[in-house]
Amino acid sequence: YVKKQTIVSSGPRTIELVGDVPNWVSEEIKNRIYAAATAEANNSVNDDGKIAVSAQQNIAAMVPWLADAKVQTTHKSILITGHWRKPMLLVTADKNKFYIDTDMVVLDYIPIGNLPVINITGLELSKIPPTPGKTWQGDDLAAGMAVLNRLSRMDIAVTPDKPLLHHIDRIDIANFEGRKNKREPHISLYTKDGTQII
């Protein structure tokens with residue numbers, strides 16, 4: 001349980017993130033959830049059902065990091081559960097940064113500590129990227145994500161103590177499907193020491 005005290009119209013309540021909260025979830029992400037959960041609660045009538053519905057809708061609209069959020073209230077608590085969206089890729093477009101999770105959902109950029117997030121380069125950025133919470137549709141991005149998902153599954157199955165993904169710095173998909181040169185590698189991984197993996 002991760003708790004934070006807040007005050008709503010019916011008096012002080014404790015907001016609790018229930019269930020397993022991954023250790024990479026930063027205080028900033030938690031604070032965004034707390035803020036979203038209580039955004040309209042101060043103006044709400046003394047009705048637990050309305051507080052729960054309002055909090056659930058606000059989290060869904062304002063915090064893409066927690067998917068399928070469910071909110072329950074008791075006379076002392078607001079209980080929040082959901083599925084955490086784990087960022088896998090970091091996209092840098094112009095001066096903007098954002099993450100992509102395994103379901104290809106865009107997440108706003110927040111510094112994250114002990115999580116291997118891999119830079120992706122060579123994306124076709126002709127279209128404006130989707131806003132946070134929306135799915136990014138792109139064959140090149142999907143191919144890069146598929147490679148990383150397979151590596152992640154192998155890390156879990158074979159080398160959980162020394163995962164390969166912790167050594168990968170970036171994935172380059174600039175030549176996806178040979179769009180620049182059919183004879184060159186279509187997807188390349190680069191380790192933190194500069195080694196290319198084709």
Side-chain angles (χ1 to χ4, degrees), residues 17 19-33 62-68 82-198:
L17 293 174
D20 292 329
V21 178
N23 61 3
W24 54 262
V25 175
S26 67
E27 287 302 313
E28 185 174 347
I29 295 171
K30 293 173 192 172
N31 287 334
R32 286 187 185 189
I33 293 169
M62 299 161 65
V63 189
W65 290 86
L66 190 63
D68 304 319
H83 166 71
W84 292 96
R85 293 194 186 280
K86 179 180 176 183
M88 284 284 288
L89 291 170
L90 175 64
V91 178
T92 303
D94 295 324
K95 293 183 180 178
N96 299 317
K97 292 182 177 182
F98 47 90
Y99 297 112
I100 308 290
D101 84 334
T102 55
D103 295 322
M104 310 280 285
V105 174
V106 176
L107 303 170
D108 48 319
Y109 179 77
I110 297 171
I112 292 178
N114 56 352
L115 185 66
V117 178
I118 294 161
N119 293 291
I120 186 164
T121 57
L123 267 175
E124 293 225 323
L125 294 170
S126 53
K127 301 180 202 171
I128 297 171
T131 56
K134 303 295 183 189
T135 303
W136 185 323
Q137 304 292 336
D139 292 341
D140 53 356
L141 180 64
M145 186 65 78
V147 170
L148 295 180
N149 280 333
R150 291 206 178 184
L151 288 176
S152 178
R153 286 198 298 273
M154 286 300 294
D155 280 348
I156 291 166
V158 180
T159 58
D161 296 335
K162 290 188 176 184
L164 175 64
L165 284 185
H166 283 270
H167 299 282
I168 302 296
D169 177 58
R170 70 182 174 98
I171 183 168
D172 184 2
I173 56 172
N175 195 37
F176 174 67
E177 292 187 333
R179 61 188 170 203
K180 289 187 174 182
N181 185 335
K182 296 283 185 191
R183 295 176 183 229
E184 293 296 319
H186 292 195
I187 297 176
S188 293
L189 296 167
Y190 291 88
T191 63
K192 291 179 180 174
D193 65 3
T195 302
Q196 181 184 22
I197 302 169
I198 296 172

Query - Test item: Arg85 side-chain N/O and Ala67 main-chain N/O as donor-acceptor pair under 3.5 Å - result: no
Report task. Applying side-chain contact (heavy atoms from CB on, under 4.5 Å), run through Leu17 and Trp84 and close with a yes or a no. Result -> CA-CA 11 Å; Leu17 293 174; Trp84 292 96; 4.2 Å; yes
Query raised in the report: Under the side-chain contact (heavy atoms from CB on, under 4.5 Å) criterion, do Asp101 and Lys86 qualify, and how do the steps go?
Result: CA-CA 5 Å; Asp101 84 334; Lys86 179 180 176 183; 5.7 Å; no
Requested in this report: State whether the side chain of Lys180 and the backbone N or O of His186 hold a donor-acceptor pair below 3.5 Å, judged by distance alone.
Outcome: no
Query - Donor-acceptor under 3.5 Å (Asp193 side chain, Thr195 main chain) - result: yes
Query raised in the report: Rounded to the nearest 0.5 Å, how far apart are CG of Asp139 and CZ of Arg179?
Result: 9.5 Å
Requested in this report: Using the side-chain contact (heavy atoms from CB on, under 4.5 Å) rule, take Leu141 and Leu123 through it: C-alpha gap first, then chi angles, then the decisive distance, then the call.
Outcome: CA-CA 7 Å; Leu141 180 64; Leu123 267 175; 3.7 Å; yes
**Report entry** Minimum heavy-atom distance Pro87-Ile112, with the two atoms named
**Finding:** CG-CD1, 3.6 Å
Requested in this report: Go through the steps to decide whether Ile120 and Ile100 satisfy the test side-chain contact (heavy atoms from CB on, under 4.5 Å), and finish with yes or no.
Outcome: CA-CA 10 Å; Ile120 186 164; Ile100 308 290; 5.9 Å; no
Query raised in the report: Counting only N and O atoms by type, is there a donor-acceptor contact under 3.5 Å from the side chain of Asp103 to the main-chain atoms of Val105?
Result: no
Report summary line: Closest heavy-atom pair, Val106 versus Thr131, reported as atoms and distance to 0.1 Å, is CB-O, 3.9 Å
**Report entry** Residue pair Pro116 / Leu165: nearest heavy atoms and the distance that separates them
**Finding:** CB-O, 3.9 Å
Query raised in the report: Roughly how far apart are Thr121 OG1 and Leu90 CG, rounded to 0.5 Å?
Result: 11.0 Å
**Report entry** Any side-chain heavy-atom pair of Leu151 and Leu189 under 4.5 Å
**Finding:** yes
Requested in this report: Compare every heavy atom of Pro163 with every heavy atom of Asp155, then report the nearest pair and how far apart it is.
Outcome: OD2-CB, 3.4 Å
Report task. Kindly give the heavy-atom pair with the smallest separation between Gly144 and Ile187, and that separation in Å. Result -> N-CD1, 4.5 Å
Report task. Nearest 0.5 Å please: distance from the CD1 atom of Ile33 over to the CD atom of Glu28. Result -> 11.5 Å
Requested in this report: For Asp172 and Ser188, indicate whether the former's side chain and the latter's backbone hold a donor-acceptor pair under 3.5 Å.
Outcome: no
Report task. Could you label the plane-to-plane angle of the Tyr99 and Trp65 rings as parallel, tilted or perpendicular, counting under 30° as parallel and over 60° as perpendicular? Result -> perpendicular
Query raised in the report: Judged by atom type as modelled, is there a donor-acceptor pair below 3.5 Å linking the side chain of Asp169 to the main-chain atoms of Tyr190?
Result: no
Query raised in the report: What is the distance from atom NE2 of His166 to atom CD1 of Ile168, rounded to the nearest 0.5 Å?
Result: 11.5 Å
Query raised in the report: Looking at CD1 of Ile110 and CD of Glu27, how far apart are the two atoms once the value is rounded to the nearest 0.5 Å?
Result: 11.5 Å
Query raised in the report: Short question: side chain of Asn175, backbone of Pro185 - any donor-acceptor pair under 3.5 Å?
Result: yes
**Report entry** Closest approach of Leu107 to Pro64 (non-hydrogen atoms, all atoms of both residues)
**Finding:** CD2-O, 3.7 Å
Query raised in the report: Roughly how far apart are Leu164 CG and Thr191 OG1, rounded to 0.5 Å?
Result: 9.0 Å
